[in-house]
Every structure is written in C-alpha cells, then in structure tokens.
Enquirer: 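Pasting a structure here, questions to come.
This is a predicted model, so every value here is computed, not measured. Chain letters run A, B, ... following the sequence lines, proteins first, then strands; residues in each count from 1.
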Protein chains: 2
Amino acid sequence: MDETDELLSIRAAELYYEENKTQDEIGQALRLTRWKVGRLLAQAKQRGFIRIEILHPRARRLPLERRLRDERRLSDAIVVSTAGVRSAEELQERTAQAAADYLTALRPVPRTLGVSWGRTLFEISQRLRNGWATGVNVVQINGGVSLNRRAGTAAATAVSIAQKGGGSATLLPSPAILERLATKEAIESDRVVAGVIELARSADAYLFSAGAADHNSVHVESGYLSTADVDVLVQKGAVGDVVGRYIDSDGNIVDPALDARTVGLTLDELRSAPLAIAVIAGTSKHPVADAVVRSGLCSVLVTDEATALHLLDG
Amino acid sequence: MDETDELLSIRAAELYYEENKTQDEIGQALRLTRWKVGRLLAQAKQRGFIRIEILHPRARRLPLERRLRDERRLSDAIVVSTAGVRSAEELQERTAQAAADYLTALRPVPRTLGVSWGRTLFEISQRLRNGWATGVNVVQINGGVSLNRRAGTAAATAVSIAQKGGGSATLLPSPAILERLATKEAIESDRVVAGVIELARSADAYLFSAGAADHNSVHVESGYLSTADVDVLVQKGAVGDVVGRYIDSDGNIVDPALDARTVGLTLDELRSAPLAIAVIAGTSKHPVADAVVRSGLCSVLVTDEATALHLLDG
DNA sequence: TCACTGCCTGCTCATATGAGCAGGATTCCC
DNA sequence: GGGAATCCTGCTCATATGAGCAGGCAGTGA
C-alpha cells in the first residue's frame, strides 16, 4: 500500500464511519470505484487505522477470551473491558459483576459450590441477583474466621451467595492459618470441620480469587500474617496466595511449613476439580494470575483486559 | 431501553464488531430475531456505547469540520485528529501538514498568496511538496526582518512556499514593529515597501497563523517586544496576535498606539479578504483562535480537534 | 371495563456490501 | 528485451443490512 492509497483509505474511513456515506458515494467523492473504496476500507481496518471500542462497564473482550481459552488451555475465560475505568475499585467492580453474571448463566447449575473468601468474593456475593440459581449449597473451601473487626465478611460472603441462590451455606469454622501445626491437625480432626472439608471436596464447582503477596493482603489485614511474614514469603519467591496458600510463579507452594498450618482444600484438589473458577483482576495481581493460570489452578478465569494481555503477551 | 436490552446491545456489539458475526448469527446466539439485533446495534451506536476512532496522523474530524462551518460561519474548516498525539510539537506538525494539504488541493489555485511568518508558517512551508501549485506568487503581508540569530526564517518561509509552487516571493523589507511612529510612517512611504503592501492588498488569498499572548511569542523571541511589553498587553486584555497585531477576545486592537507602529496589512483588510486561511493549533492558542473566528478574521480555519471543540462548546 | 394511544415486533422489499473471478497492467528475473 | 509471476482492477453474483409498514400488545384514562 503506497502513501496515496494510505491517505485515500483514511479519507474513505472518515466519510464512511464519521459521515455515514455509502461506499458508492465515497467513490464518487474521491473518484474511485466503489470496489476500490471497499478494499481501501478493508485495508484501513486490517492495518489498524480504525479502532472500534465498546464503551460500557459490562463490555467484554471476546477476542482476548478466545485467545485465553486457546493459548492458555482454559475451558472458559471472561475478560472485562478496561475502557473508561477510572480507579482500581471500578475495575474490581466490573470484574466481580462479570463473575456474578458468569455464575448466573452457568449450566448445569452447580448443586454444591465451594467458595473462598476475601474482597473479591464479597463483591461478587453482593452483585449476584436474588434467584441467580435455585437451591445451590455453598461451602467454604478454606478457613476464615475473621480475627479483626471486619468479622463475618467471610461468613457473610458464603451466606449471601447461598441465600440469593435459594440454598444454604456451610461455613468452615476454623481460622485460615494456625500458629502451630498441632493445633491445625487437631482442628482438622474435629468431626464438624472434617465434615465440612469433606463436603468441600465433593463440590461440583469452585469459585475463588487470588491475593497478591503484599502488605495489603487480606491475611495481613485479618491478622493471620504480619507484614514481616509476607516479606519473608516474597523473598522465598511468593507471588501471591490462592485459598490462603502462597505460591511462587510456577504455582508451587513457597513455604511447606506454613502451608501445613493452613486449613482448607489443597491446591492439588483445586487442580483436579472439574470446574474451578478464578476471579483475578488488577495490576497488582498480574504475577499471581500468571502463576494460577500456568499451573492449572483454574479451568475458568474471570479477569480484566490488562491482566489478560499480561497473561498472553507479557 | 431497559437494562436487559442495554446488556443485550453490548453483547451484540461485541459479537458484531469484535467477532465479525452477522446480525443473523448473533440473533441465533442470543435467541433474538436479526431485526432485533439490528435495532440493538443501532441503539448501542446512538447511545454512544460504540466508539469508532480513526487513528492516523493524517486523520481529520469531518463532523467537527461541518459544525465549524455551520455554527461559526466559516466557508471551510479543517480539523486534524488529536488521537495518539504525544506532544505539542506533533500537534503542530499534523496541523501544518493539513494546511499544506489544503493549500495543495485549493481550487482555483491562487495567483498571489499573501503570507505571514512564524513557526507555524515555516512548518507549513517545509511540508509543502514541490509542484504543489504552478506559478504562485507569494507576498509577505506583515513586516518581519528578523532581529535575532534565527534571521531569515520569515524570508525562508515565503521563498520556500513560492519556489515549491513554481513562483517567486516578494518580501516586505521592514521590521514587524517600529519603535517610533514616525519611523513606521517613513518606512511605509518608501516606494518599495508601499509597493509590496499594495501587492499584498491585491492577493487572492491569505495564509496566516496567530500567536498566543505569552512570553514564548515570536515577537519576544525576535526582539520586537519585551516580556514586560507582553505582560502589559495581556493586562489590557490581549489574547494573542494576528499578523503582528494584538487583539482582545472580541478581535479588537488592544493597543492602538502599538498597532500604529506595526507594519503590514490591517486586520480589516484581512476581514474583507475573499479567502483568509488561518492555521491555529494547540492549547495555548485556544483564546486567540476563538477571537480570530468570532471576529471574522478568517474564512477558513485549519486547526486541531481540541481547539475545534473549544471553539464550539468551550 | 373498554376504547385509545403509542410502542414494539416481525415482516417485505430495496439497497449496500463482500466473495470470488477473469483480464490487464506491472514488476521481476534472467 | 522477453517471459513469467504477481498484483490490481472492475466486474457478477450472493449475502447482509436498513427503511418502512401492518398487526399486536401493554399501559392509560374515562
């Protein structure tokens, strides 16, 4: 394509997209046949001179979803648009909304849904609509009796998802991380706790997020870990956590001793699940999102455009 | 349009614009008739959910051009896109290129073209192609013997435009602004100078820019005015200058005494010209662009998208 | 309750667009 | 300079899309 044609294709695009002229009219204006105009427009598109963007909080990026499915071996992917996003919170909201939409549309409707907890999961629970499912039983898949004043967030999340789905919630009555291994083993051998974990293992589907390995982690906020603990984990290669378990960029457990004190489903149990939906958005979670996807921790990913691009090209 | 339809219109837009599905296929996917899909797409467009942008340095904004013509009573307007512009320089370049393109396409080709001088005009002169016209005589319309080391810019501009247009240049051998009125009158009564001004008055078309009233002005750089002089002008309401004459936001001369010492065509002579092409771009020139257009100093405006929006909505 | 108003739907028909093809121009390589 | 390969053009034909219309439906006020 020489410079003349390039310029003509721009003029044609202006008339076609901004002035709503037909290709025939453009042909008359620019003294070209309508076929030439059609070809110029096709070239302008193909060369990337024309950008079509869908500006809406609920807009998705289907081409990225397809690439994620194909190139990262996911059974499904949902990518929300970042166009017009003003804050990290807005991005979280959009992604949570998309996750809620995905759950609502999910067929067959899961009878038992295992969930983790955290800011993302809470947001999703708030955005689900009443009647999003009929008779879904929700079970917590990792410990989460909150230690701080925001007590009950973990429970509220599970209960809210269950109630809106016309079912009931089974809570895991245990802290996320115990200080001593013996305590953790004692708790896990408790009949109630063991029963909940057993139920969690039998869930049809799992819904969880991932946390970045930084000082804003819910584990720090909830008091399970100190900022110093996190620093040590990062030094050992941690990029973030999934259901309370810290992993490195290959998806391996960073600190087996800490992991042994963490209550809930193991990562391998997640990996072998038929349907594991991860919801991960935001720049700070790019490394952990990469680890989750690469190590096969999820079969479905709900994320944002920037994170998707990071996973594919970064 | 209720929320369901809004969401459907977004889904339809994704499939239509990002996945290149036909409206019929989308209808099958979303369980709608193809007519409904067409209507949803039309609504998505109309509601502004779909943005189509032409990304190219030579791209123009025809809807803005039309609005300028209609709402600001211009006989023609050229608006270059600001999409992807990284610096003020790039904006200047794009606008200068558009002005050069406009001149090249101008019919009938002017026999005598009056030009001012300055950074914008110089840029245009550099971007004109050899043979842009055949036999154009170029005449300077305001004084501009440069006082500083960048001597000859004014002359080079006119000569370059003329040479590339296969004609010759007539320079106005006078400073832009004289220190004393008597000197100015003496210069204007000089036979050569008077002849040039007479020729300038007879030009078929004028091409000029406008300067902002700030310390970066070419008049300051060329030594005709001090920064203090400019400050005084601003205090008196000056928003910028056209052919060396400082005007307020209504297009009136700010300082008649200074104006009387300025050599060249008067503003009223420009206003009554059959074809007066102003080339004005950049944020700093918004106020002066507004004054130029509102007071009818130009019949054709070449500018950038942001300036055009300022003129129309600001 | 019922007639009315106005919107929405699914259609017909006209138009706009894209796929594919054959001939002619251009370039490239010897 | 000649021949081949390639590209480009303008066409035919099939398809996709938009305009406009008649019937049906819901909401409204007497």
Enquirer: With each end axis built from five pairs of C1' atoms, what bend angle do you get for the helix from C:dT1-D:dA30 to C:dC30-D:dG1? Round to 10°.
Expert: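 Answer for the end axes of this duplex: 40°.
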Enquirer: How would you summarise protein contacts on nucleotides 7-18 of chain D per nucleotide, using B for base, S for sugar-phosphate only and - for none, with heavy-atom distances below 4.0 Å?
Expert: --BBBB---SBB
Enquirer: May I ask you to decide whether A:R60 forms a salt bridge with A:D101, counting only side-chain N to carboxylate O separations under 4.0 Å?
Expert: no
Enquirer: Between the side chains of B:E6 and A:R58, is the shortest nitrogen-to-carboxylate-oxygen separation below 4.0 Å, so that they form an ion pair?
Expert: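 Salt bridge absent between A:R58 and B:E6.
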Enquirer: What side-chain donor-acceptor pairs closer than 3.5 Å can you find for residues 293-301 of chain B, not counting sequence neighbours?
Expert:
from: B:S295; atom 1: OG; to: B:R271; atom 2: NH2; distance (Å): 3.3
from: B:S295; atom 1: OG; to: B:A291; atom 2: O; distance (Å): 2.8
from: B:S299; atom 1: OG; to: B:A276; atom 2: N; distance (Å): 3.0

Enquirer: Hey, can you pull the donor-acceptor pairs under 3.5 Å for the side chains in residues 80-96 of chain B, sequence neighbours left out?
Expert:
from: B:S81; atom 1: OG; to: B:A83; atom 2: N; distance (Å): 2.9
from: B:T82; atom 1: OG1; to: B:E305; atom 2: OE1; distance (Å): 3.2
from: B:S87; atom 1: OG; to: B:E90; atom 2: N; distance (Å): 3.2
from: B:E90; atom 1: OE1; to: B:R86; atom 2: N; distance (Å): 3.0
from: B:Q92; atom 1: NE2; to: B:A281; atom 2: O; distance (Å): 3.2
from: B:R94; atom 1: NH1; to: B:S81; atom 2: O; distance (Å): 2.9
from: B:R94; atom 1: NH1; to: B:A83; atom 2: O; distance (Å): 3.2
from: B:R94; atom 1: NH2; to: B:A83; atom 2: O; distance (Å): 3.3
from: B:T95; atom 1: OG1; to: B:L91; atom 2: O; distance (Å): 2.7

Enquirer: Using the rule side-chain hydrogen bond (donor to acceptor under 3.5 Å, both in side chains), only one of B:R127, B:Q126, B:R119 pairs with B:E123; which is it?
Expert: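 Checked B:R127, B:Q126, B:R119 against B:E123; only one passes side-chain hydrogen bond (donor to acceptor under 3.5 Å, both in side chains): B:R127.
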Enquirer: Using a 3.5 Å cut-off and no angle test, enumerate the donor-acceptor pairs between side-chain atoms of residues 41-49 of chain B and protein atoms at least two apart in sequence or in another chain.
Expert:
from: B:Q43; atom 1: NE2; to: B:R39; atom 2: O; distance (Å): 3.3

Enquirer: Could you pull out every donor-acceptor pair under 3.5 Å between side chains of residues 20-27 of chain A and any protein atom, sequence neighbours left out?
Expert:
from: A:T22; atom 1: OG1; to: A:D24; atom 2: N; distance (Å): 3.4
from: A:T22; atom 1: OG1; to: A:E25; atom 2: N; distance (Å): 3.1
from: A:T22; atom 1: OG1; to: A:E25; atom 2: OE1; distance (Å): 3.4
from: A:E25; atom 1: OE1; to: A:T22; atom 2: N; distance (Å): 2.8

Enquirer: A:N137 and A:S168: which non-hydrogen atoms are nearest, and at how many Å?
Expert: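 Answer, listing the atom of A:N137 first, then A:S168: OD1-OG, 3.1 Å.
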Enquirer: Over how many whole Å does the gap from B:D2 atom CG to D:dA26 atom C1' extend?
Expert: 14 Å
